[in-house]
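The structure appears right after this line, and notes come after that.
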2 protein chains.
Amino acid sequence: MLPKLFHDLPANALKNINFQKSETIFRQYDETCGLYFVISGKVSLKRHSPNGDEIIIHNAGKNETFAEAALFSKEYHCDATAIETTQLVLINKAAVLAQMASNPIFAMNLSAQFARQIQIYRRRLEIQAIQSADERVYAAIGDGMLQGNIIKELAAHIGLSHEATYRSLANLVKRNKLTKFARGKYIIK
Amino acid sequence: MLPKLFHDLPANALKNINFQKSETIFRQYDETCGLYFVISGKVSLKRHSPNGDEIIIHNAGKNETFAEAALFSKEYHCDATAIETTQLVLINKAAVLAQMASNPIFAMNLSAQFARQIQIYRRRLEIQAIQSADERVYAAIGDGMLQGNIIKELAAHIGLSHEATYRSLANLVKRNKLTKFARGKYIIK
DNA sequence: CGGCGTTTTGAGAGAGCTCAACATCGGTGG
DNA sequence: CCACCGATGTTGAGCTCTCTCAAAACGCCG
């Protein structure tokens, strides 16, 4: 779902674009045209180090925005490619900036959206910092990371193999911290 | 260094406050008065789960802001306590919102600041996702995480024991990806 | 010189990864 | 309707890598 705040933008500021697997969305040093929202599919953001190796900056999935910093920068600072068939919304940079200038409510909503993102990422980092697989899985579930998500994806999100994740889930059920109510469905307490 | 953009605020919007170790900065459900910037020391942000356990949301260190979301919320959503002697700047919420409403440049600068944060956190998450200690350390150094920082801090940032970090540094030197030019000083290539 | 903290290296134990096998579910086609 | 297939879920066993505990070298500062 595209965040509501973007509906304050004129209709022509939003453009749906589809990409096939491996297609390029933008390249480093391309002039920025806006930020993106992922309707479906997956996008990989990479940068090339001076040494030539590729550095993964981020993988953006369904319902995420990416390239927010493009709003305030002349050029993209990384490459973006679709790693599967992907539907995106391109949110026009000039329209966003104009709206921010003329509509303080919009500016606040955008900042609030960013602030929320920051919160979420900080929390994720804290979760990653948890050593024990069991506690990490527990924290992630407490954070609502298993909503409609499949467990393999949860595992990837929290940096565990899916096997380790399954084992932790089983442990947590044994330890009476989780309840299993269906194949692959768990709930806290 | 307090980010420059905040100097657009009236002088009375910034208040220096000092806390002793273990002192409370704010509590969950307290009415928000603003966001904070850490001049020195360390702050721990925690929430209490319905089950009673404490959940660490984030640990904010020197030169970080925290509680940005307070700008857009009536109440704080977690507890903040100083975990060492700490100097903070309290950035008044009403002043920030007023400035955003009347000064689009300020609003954009604030959003840009948030967007930068988001970029940084995403990158950190990608680094944490790297399995191999060697590659993780290499990525972190490539990201400039070893600027004046001591290695133990780097280790904590990237979720490795300091011993493992030292060993990876040694490996990377052997593999000719890093150069050691002094005790605890490394540079890429 | 003598502490104190960081850096470095060693050895053992434990946790999670990998490889592998199997179960279960939903969908697809005969 | 049933057999098959692919993807997810689940569990087992061995191996590898990192953590932990320990100790020593080094550098800084009083």
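Both backbone and side-chain heavy atoms feed into the values below; hydrogens, waters and symmetry mates do not. Every chain is numbered from 1, with letters handed out A, B, ... down the list of sequences.
- Atom CG of Leu172(A) is separated from atom C1' of dT10(D) by 15 Å (rounded to the nearest Å).
- Nearer the 5' end of DNA chain D, as judged by each residue's closest nucleotide, is the contact made by Ala182(A), out of Ala182(A) and Thr165(B).
- One can place NE2 of His162(A) at 13 Å from P of dT11(D), the figure rounded to the nearest angstrom.
- Note on the helix from dC1(C)-dG30(D) to dG30(C)-dC1(D): angle between the axes of the first and last five pairs equals 30°, rounded to 10 degrees.
- Taking the nucleotide of DNA chain C with the nearest heavy atom to each of Tyr166(B) and Ser132(A), the more 5' of the two is matched to Tyr166(B).
- Residues passing the side chain to side chain donor-acceptor pair (under 3.5 Å) test with Asn59(B), sequence neighbours excluded: Ser44(B).
- Nucleic acid contact for Lys185(B): none, since no nucleic acid atom lies under 4.0 Å from a heavy atom of the residue.
- Looking at residues two or more places apart in sequence or on another chain, you find no side chain to side chain donor-acceptor pair (under 3.5 Å) involving Gln128(A).
- Here the C1' atom of nucleotide dT8(D) and the CD atom of Glu163(A) are 12 Å apart, to the nearest Å.
- Once you apply a 4.0 Å limit to the heavy atoms of chain B, the touched nucleotides of DNA chain C run 5' to 3' over dT6(C) to dA11(C).
- Both Arg183(A) and Ala133(A) lie near DNA chain C, and the one whose nearest nucleotide falls closer to the 5' end is Ala133(A).
- By the salt bridge (Lys or Arg N to Asp or Glu O under 4.0 Å) test, Glu153(B) is found to be paired with no residue, residues two or more places apart in sequence or in another chain being considered.
- Within residues 151-160 of chain A, the residues that have a heavy atom under 4.0 Å from DNA chain D are, in order of number, Ile151(A), Lys152(A).
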